[in-house]
Undergrad: 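One structure is given below, represented as structure tokens, and several questions about it will come after.
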Amino acid sequence: MFRILRKDVFSPTVKRFTIQAPEIAKKAGPDQFIVLRIDEKGERIPLTISDSDPEKGTIATVFQEVGKTTIQLGGLKQGDSIQDVVGPLGTPAHIENYGTVVCVGGGVGIAVLPPVVKALKNKGNKVITILGARTKDLLILEEDLKKISDELLIVTDDGSYGTKGLVTNELERLVKESVKIDLVIAIGPPVMMRAVSNLTKNYSIGTLVSLNSIMVDGTGMCGACRVTVGGKTRFACVDGPEFNAHDVDFDELIKRLAMYKEDEKLAMEYYKTHQQEHHHSCC
Amino acid sequence: MSETTKPKKEKLPRQTMPHQNPMVRRRNFDEVAIGYTEELALSEATRCIQCKNPTCIPGCPVEIDIKGFIHLIAEKKYVEAAHLIKEKSFLPAVCGRVCPQEDQCEKVCVIAKKQMPVAIGRLERFVADYEASHGETILPKLPPSTGKKIAVAGAGPSGLTVAGDLIKLGHKVTVFEALHEPGGVLVYGIPEFRLPKAIVKREVDFLKKLGVEFKLNYVIGKIKTVDELLGVDGYDAVFLGNGAGLPKFMGIPGENLNGVYSANEYLTRVNLMKAYKFPEYDTPIIKGRRVAVVGGGNVAMDAVRTASRLGAEEAMIIYRRSEEEMPARKEEVENAHEEGVIFKNLTNPVRIIGNDKGWASALECLKMELGAPDESGRRSPVPIKGSEFQVPVDVVIIAIGTSAQPLIAASAKGMEVNKRGYIVVDEETGKTTKEGVYAGGDIVTGAATVILAMGAGRKAAKAMHEYVMKK
Ligand SMILES: Cc1cc2nc3c(=O)[nH]c(=O)nc-3n(C[C@H](O)[C@H](O)[C@H](O)COP(=O)(O)OP(=O)(O)OC[C@H]3O[C@@H](n4cnc5c(N)ncnc54)[C@H](O)[C@@H]3O)c2cc1C
Ligand code: SF4
Ligand code: FES
């Protein structure tokens, strides 16, 4: 059992758990993830490790409530426990001194940026961070990233905060202003990563993305997480999650992520009626 | 399978084992075979002629005293019979169900020359189940602690065997397992209808009672390296029994379409994650009306029979050779036929066709004919030109084998693996080229069998004991 030591509510649907997991904390690197299972009947889902503290023996993960499992997870409180947590999985992000790196984070993907930015800074890079959110309330970790980045730019779809527009607008503006960019790292919804990738391809700027495909074991045993990269099938859980953006078949990834849409609805319905029954029986 | 023979004298035929009706069982996950009753077991035991030179025993990869345990059955000493088996095999209730006896002990049974061999597997299963439901599990008395610490990576049959053997010799044993449940292929691969998970749990619980510590959710190579186990963690020896995990794909177009699974994923979702009870359990699975399983081994049979149980109208096997060459156990092929599985043999998929939403909709195949025997001795399939045809499908399951999982080996400096990634060991001891590290099971041999993995575990445990006691 893995105890939730702290719960931060960033927005009604975006939450962060700090979980007691001393051995995972000791090994976790940037862009690595855990697979967790809430309880006996739960499914296994991957979540990126957004922070780790080997001294305190804790890891943190940020998630957005999008389906049955994440909603149930979001309902857990400080002091509750998660049955299974396995990690750190995946290959840590490859960090070296590139020069100037632009880190683009979208939605809950922003949660993955802090360890990446920290590691980049430690290697002497200049880091410009661009954060994108649909609206102001959904923007997370602004303060944390401001502290560790050399420059922080914010965009919102509806213009409620920062510049109105998309992360790609800001990125393109930088390029056009002839800011020298040696590498772009983009982490967020696949549609955003695809847009960033298409843009940087045009300007021949090397770009890395972190792919969060559907996973089961997270150790290379099942192939659920497979993605096409450079025309070859790769397993995101062991070969990734970081890949060269320009080689990734995003369209396939987006289709695969929708594979269980219908089932997710069913699971939600079942969960809701079940919860109601539960409420009735205790009142 | 016809089990009656035409003996010259009045001979007792091989006793058939009761099965669930095929038309009923093809839609449920309950065990297919119901097992011998005491009467049937006794009758079958009398068919054994207690040979002076029992060829069955060398036919068994772990040399169970088959003649001896059958004799005990005839004397109605069932619990004793189970104990006799356990001297050699750690998991009789499992092996009685999943061993390919027809290629091992039963193949060389003396009476098989004239009639059907003694049903050794069914008898093994009977005594193991009898012991589980009648005899109290007596915990063996453990010797005083040796103070030695053993780490086992992987809780499949090989790892569990090592753990059992070494705890009984007084060592402290910790098993590290990547998944949230111990058992390896026994819990994630082999379906409930062939091997009820309660049986595996019983054996694991027995090890826990003996004092084996299980650390689940531990991926060796990630959370800890083998070098750390031997170093800072102070283990005196390490056993690697991490199986041959990685699923192979065919490399044909369309393999990443929605609705296409590896057999590992399909079976893991259903067995380990209980997707057949969705939405009570959270893990979903695409059920499919027309399900094609590519391959002809045990894994393919398990997958296709699972598809039928999930409600497929057409559950098909697509296999490029003929039924003769199928590596799956005959019994399982037979079971699949009875359950209405469609066999499209001499058929090779060349591409999976998708619809505009990215879902598999058809499998394009070529007809094959058999040519000359290849290096495996089986006649190799040759495509017939221009014979392309399409099979409408909505789920495709690829069951064409697995390859070595590289995570562990990469974390053990100086340990040799062969060019396919399997760990190189001394066959008699399981000793790898790295001091203090032993390995066995599928990660050494490539995908094989439960009994071979157990046998390898047993040999390694013996060698590890000698090694740590000399240290
Ligand atoms: C669907 C299917 C049906 C089969 N049917 C039969 C049959 O009827 N009869 C038969 O005899 N054989 C059958 N087999 C083969 C048999 O199950 C295997 O040969 C046997 O289980 C191998 O045992 P093992 O101990 O080597 O490894 P496995 O059973 O594969 O167990 C390995 C364990 O190690 C864990 N692991 C992997 N990597 C790590 C790591 N880095 N750290 C920690 N743990 C790790 C895995 O999660 C797993 O639990 C079947 C196999 C499959 C897939
Ligand atoms: S070879 Fe057959 S008949 Fe002879 S002892 Fe073994 S099981 Fe019995
Ligand atoms: S999640 Fe199973 S192989 Fe990647």
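Every chain is numbered from 1, with letters handed out A, B, ... down the list of sequences. These numbers come from the heavy atoms of this one structure, side chains and all, not from hydrogens, waters or symmetry mates.
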Undergrad: So which residue, A:Leu266, A:Thr219, A:Leu89, ends up with the most heavy-atom pairs under 4.5 Å with chain B?
TA: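 Answer, by heavy-atom pair count under 4.5 Å with chain B: A:Thr219.
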
Undergrad: Among A:Gly223, A:Ala267, A:Pro88, which has the most heavy-atom pairs under 4.5 Å with chain B?
TA: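 Among the listed options, the one with the most contacts to chain B is A:Pro88.
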
Undergrad: Supply the atom-to-atom distance A:Arg37 CZ to B:Thr283 OG1, rounded to the nearest 0.5 angstrom.
TA: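 Here the rounded value is 8.5 Å.
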
Undergrad: For A:Arg256 and B:Asn256, work out which heavy atoms get closest and say how close.
TA: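 Nearest pair, atom of A:Arg256 first, then B:Asn256: NH1-O, 2.9 Å.
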
Undergrad: Does A:Lys26 pair with B:Glu228 as a salt bridge, N-O distance under 4.0 Å?
TA: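 A salt bridge is absent here (no side-chain N lies under 4.0 Å from a carboxylate O).
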
Undergrad: Roughly how far, to the nearest 0.5 Å, is the NZ atom of B:Lys274 from the NZ atom of A:Lys41?
TA: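 Going from the NZ atom of A:Lys41 to the NZ atom of B:Lys274 covers 10.5 Å.
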
Undergrad: I'd like to know which of A:Thr233, A:Asp217, A:Ile38 tops the heavy-atom pair count under 4.5 Å against chain B.
TA: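 Among the listed options, the one with the most contacts to chain B is A:Thr233.
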
Undergrad: Let me know if B:Glu255 has heavy atoms under 4.5 Å from chain A in its side chain, its backbone, both or neither.
TA: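 B:Glu255 touches chain A through backbone heavy atoms alone.
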
Undergrad: Distance-only, no hydrogens or angles: does the B:Lys222 side chain make a donor-acceptor pair with backbone N or O of A:Gly90 under 3.5 Å?
TA: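 Yes, B:Lys222 side chain to A:Gly90 backbone: donor-acceptor pair under 3.5 Å.
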
Undergrad: Rounded at 0.5 Å granularity, tell me how far NZ in A:Lys255 sits from CG in B:Asp356.
TA: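 One finds 8.0 Å between NZ of A:Lys255 and CG of B:Asp356.
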
Undergrad: With under 30° as parallel and over 60° as perpendicular, where do the rings of A:Phe235 and B:Phe249 fit, or are they tilted in between?
TA: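 Ring orientation, 0 to 90° scale: perpendicular.
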
Undergrad: Is chain B contacted by the side chain of A:Glu23, its backbone, both, or neither, given a heavy-atom distance below 4.5 Å?
TA: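 Answer is both: backbone and side chain atoms of A:Glu23 are under 4.5 Å from chain B.
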
Undergrad: Nearest 0.5 angstrom please: A:Met221 CE to B:Leu179 CG, how far?
TA: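 That separation rounds to 5.0 Å.
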
Undergrad: Specify the closest pair of heavy atoms between A:Val216 and B:Thr268, including all atoms of both residues, with the distance to one decimal.
TA: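 Scanning both residues completely, I find the closest heavy atoms to be CG1-CG2, 4.1 Å.
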
Undergrad: B:Ile223 versus chain A, heavy atoms under 4.5 Å apart: side chain, backbone, both or neither?
TA: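 Contact with chain A is through both the backbone and side chain of B:Ile223.
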
Undergrad: Would you indicate whether B:Lys172, at its atom NZ, is surrounded by more than 12 heavy atoms from other residues, nucleotides or ligands within a distance under 6.0 Å?
TA: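 Buried by this count: over 12 neighbours within 6.0 Å.
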
Undergrad: Would you name the heavy atoms of A:Cys222 and B:Ser262 that are closest together and state the gap between them?
TA: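 So the two residues come closest at O-OG, 2.5 Å.
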
Undergrad: Is it the side chain or the backbone of A:Val35 that comes within 4.5 Å of chain B heavy atoms, both, or neither?
TA: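 Neither part; nothing is under 4.5 Å.
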
Undergrad: Return the minimal non-hydrogen interatomic distance between B:Arg269 and A:Ile214, and the atom names on each side.
TA: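 Closest heavy-atom pair between B:Arg269 and A:Ile214: NH2-CG2, 3.7 Å.
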
Undergrad: Need one label for B:Lys248: side chain, backbone, both or neither, based on atoms under 4.5 Å from any heavy atom in chain A.
TA: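 Interface part for B:Lys248: neither.
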
Undergrad: Let me confirm one number: the CG-CD distance from B:Leu216 to A:Gln83, rounded to the nearest 0.5 Å.
TA: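 Separation between the atoms: 9.5 Å.
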
Undergrad: Is a side-chain donor or acceptor of B:Asn217 paired with a backbone partner of A:Asp84 at a separation under 3.5 angstrom?
TA: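 Looks like no, no N/O pair under 3.5 Å.
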
Undergrad: Sort out for me which of A:Glu40, A:Gln32, A:Lys68 touches chain B most, counting heavy-atom pairs under 4.5 Å.
TA: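 Most heavy-atom pairs under 4.5 Å with chain B: A:Lys68.
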
Undergrad: Using a cut-off of under 4.5 Å on heavy-atom pairs, state which of A:Val86, A:Ile45, A:Thr69 scores highest against chain B.
TA: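 Looking at each of A:Val86, A:Ile45, A:Thr69 in turn, A:Val86 comes out on top.
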
Undergrad: Rounded to the nearest 0.5 Å, how far does CG of B:Asn258 lie from NZ of A:Lys261?
TA: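 Output value for this atom pair is 11.0 Å.
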
Undergrad: Considering only heavy atoms, which portion of A:Glu262 lies under 4.5 Å from any heavy atom of chain B: side chain, backbone, both, or neither?
TA: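 It is neither, since no heavy atom gets under 4.5 Å.
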
Undergrad: Quick check on the interface: out of A:Met259, A:Glu269, A:Arg44, who has the most heavy-atom pairs with chain B under 4.5 Å?
TA: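 Ranked by contacts with chain B, first place is A:Met259.
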
Undergrad: Is B:Arg202 atom CZ crowded by more than 12 heavy atoms from other residues, nucleotides or ligands, each under 6.0 Å away?
TA: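 Atom CZ in B:Arg202 is crowded, with more than 12 foreign heavy atoms closer than 6.0 Å.
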
Undergrad: Please determine, among B:Gln405, B:Lys277, B:Glu280, B:Met273, the option with the most heavy-atom pairs under 4.5 Å with chain A.
TA: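 Ranked by heavy-atom pairs under 4.5 Å with chain A, first place is B:Glu280.
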
Undergrad: Specify the closest pair of heavy atoms between B:Phe278 and A:Asp263, including all atoms of both residues, with the distance to one decimal.
TA: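 Taking B:Phe278 first and A:Asp263 second, the nearest heavy atoms are CZ-O, 3.2 Å.
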
Undergrad: Measure distances from B:Ile285 to the heavy atoms of chain A and classify the residue's part below 4.5 Å as side chain, backbone, both or neither.
TA: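 The backbone, not the side chain.
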
